[in-house]
Amino acid sequence: MAVTQPAALPAAHEGILRRQSLRESAARTYARSLPIVPVRARGLTIEGADGRRYLDCLSGAGSLALGHNHPVVLEAIRSVLDSGAPLHVLDLATPVKDAFTTELFATLPRAFADRARVQFCGPAGTDAVEAALKLVRTATGRDGLLAFTGAYHGMTSGALAASGGAPEVRVARLPYPYGYRCPFGVGGERGAELSARWTESLLDDPRSGVGAPAGMILEPVQGEGGVIPAPDSWLRRMRAVTAARGIPLIADEVQTGVGRTGAFWAVEHSGIVPDVMVLSKAIGGSLPLAVVVYREELDAWRPGAHAGTFRGNQLAMAAGAATLAYVRENRLAERAAALGESMLRRLRRLAGEHRCIGDVRGRGLMIGVELVDPQSPGGGAGTGAGAPVGEGAAGGAWADDGPRPAQAAPALAEAVQQECLRRGLIVELGGRHASVVRLLPPLTITDEQAEAILDRLADAIDAAARRSPAPSGSLPGPPSGARR
Ligand code: PMP
């Protein structure tokens, strides 16, 4: 495929990027690997100030279920603006909020929604996570938290502690069922089973060092951790383990929600009913919005327990309600499931041709391609690739003394990301070593757009693999925790 290079970068584009690098923080993230200046966008496509067009598979870190500037979202925003409704209302009741809440509850699993309460939080996912932790601490009177290796729940460490409001959270870290890099060396259902047993033994062993926790928080599919779908059987087991011990289960669906994984909410694949759901990203229809929804029995916190100035974003609620309704009415979760499967099939064929692809995995339109050093022990085509997820999954099973996953290749992943960008494709990197290329396209893309995305990605992997001095790029890279 021909690489489209603009003849010369327009001055405006260059100037904006130069001023950004001079004035903005060293902590800026996406802007480093994606030196583009978006000026217009529609659906899957972003147009830069340099006149180039890009297919956007980052989608606002998974926020854009309907892509950029979907007509129903724009219409919803315009109708609030034209109505003269106040834009800032703290957490007061409004018709816009009422409609959003009705639509949100209509999409949630029935058994959960029928007896649920919602707390509107500050605008980011991380604030809803803070709220969820506070909620279960208050309800249980306990402190500690169970969380998983590779988890990502946000960036607010200690705002509460600094305000004198709450102690730091004590976290016991449990193994997430990551088939390709299974800590027990077995992967698949067996690895998930061992991970569940480890969890049970920690909770039941009075000398494990883990006291009774206030809750367990998990992602049904780890996103930033490298696109790792948990087997449904493991999720059911976590539900049973926590229910039997009176531990509230918090499902962080900030990234997996609103059809992304092929069900409206990812917990629906396994049929579990969590005690708490943390929701953000797509629920705001591209504008900032975050909520925590929970079983009403947990509603033991006091008025003002989780306050915040910006909890009433009317534009986000209108855009979010329109998005939720559109996804529901147009069955976009089913569309994501079918399209995601066909994209995974093609990527698995690609893995057969490239020894640098260690694993291909995903659920719905949350897709990851793990790049590895083919020369490292365990390297080679598709070591764990092709493993299905969900019921009866066997995500890359190894015998105890069998092949091991190849070493992560973060430098190669970075090269692939840059080659994608040269071909007008925006992808994100994630995973433990930032070596997983992540695809999060809008749920509205056509079959042809999906093909175009995969054509460009295949071409980029080919180019990067041919140019890459693999061994030097195979050392474990920096943790990807700073990327979002
Ligand atoms: N939870 C999950 C699962 C996420 O993926 C993210 C963001 N990537 C967050 C929480 C935090 O959301 P935010 O960046 O809006 O604070």
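Throughout, numbering of the chain's residues begins at 1 and tracks the sequence. Counting starts at 1 for both ligands and their atoms, in listed order. If you're wondering where the values come from, they're calculated on a predicted model, not measured in any experiment.
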**Student:** Strictly by salt bridge (charged side-chain N to carboxylate O under 4.0 Å, His left out), give each pair with a member in residues 239-248 just once, sequence neighbours left out.
**Tutor:**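 Qualifying pairs: Asp204-Arg245, Arg239-Asp275.
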
**Student:** If you define the side chain from C-beta out and look only at heavy atoms, does anything of Val267 sit under 4.5 Å from Val273?
**Tutor:** no

**Student:** Heavy-atom contact under 4.0 Å between Lys281 and ligand 1?
**Tutor:**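 For ligand 1, residue contact (heavy atoms, under 4.0 Å) with Lys281 is present.
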
**Student:** Quick one: which ligand 1 atoms are inside 4.0 Å of a heavy atom on Glu219?
**Tutor:** 3 (C)

**Student:** Against heavy atoms of Asp252, which atoms of ligand 1 measure under 4.0 Å?
**Tutor:** 1 (N), 2 (C), 3 (C), 10 (C)

**Student:** Quick one: do the Ser33 and Glu414 side chains pair a donor with an acceptor below 3.5 Å?
**Tutor:**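 No, Glu414 and Ser33 have no side-chain donor paired with an acceptor closer than 3.5 Å.
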
**Student:** Indicate, with yes or no, if the rings of Phe184 and Trp198 have centres closer together than 6.0 Å.
**Tutor:**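 No, the ring of Phe184 stays outside the 6.0 Å limit from the ring of Trp198, centre to centre.
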
**Student:** Which of the numbered atoms in ligand 1 are under 4.0 angstrom from any heavy atom belonging to Gly154?
**Tutor:**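 This gives 11 (C) as the contact atoms.
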
**Student:** What I want to find out is whether Lys134 reaches Glu130 closely enough, with some N-O distance under 4.0 Å, to be called a salt bridge.
**Tutor:**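 No, this pair does not count.
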
**Student:** Is the shortest N/O to N/O distance between Ser280 and ligand 1 below 3.5 Å?
**Tutor:** no

**Student:** Show the atom names and distances, to 0.1 Å, of all donor-acceptor pairs under 3.5 Å that link a side chain in residues 278-293 to residues at least two apart or in another chain.
**Tutor:**
unit_1 : atom_1 : unit_2 : atom_2 : d
Ser280 : OG     : Gly125 : N      : 3.4
Ser280 : OG     : Leu289 : O      : 2.8
Lys281 : NZ     : Ala61  : O      : 3.0

**Student:** Number the atoms of ligand 1 from 1 as they appear, then name those within less than 4.0 Å of a heavy atom of Gly125, with their elements.
**Tutor:**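 Atoms satisfying the 4.0 Å criterion: 12 (O), 13 (P), 15 (O), 16 (O).
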
**Student:** What atoms of ligand 1 come within less than 4.0 Å of a heavy atom belonging to Thr126?
**Tutor:**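 Numbered from 1, ligand 1 contributes 11 (C), 12 (O), 13 (P), 16 (O).
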
**Student:** Give the numbers and elements of all ligand 1 atoms closer than 4.0 Å to a heavy atom of Gln255.
**Tutor:** 5 (O), 8 (N)

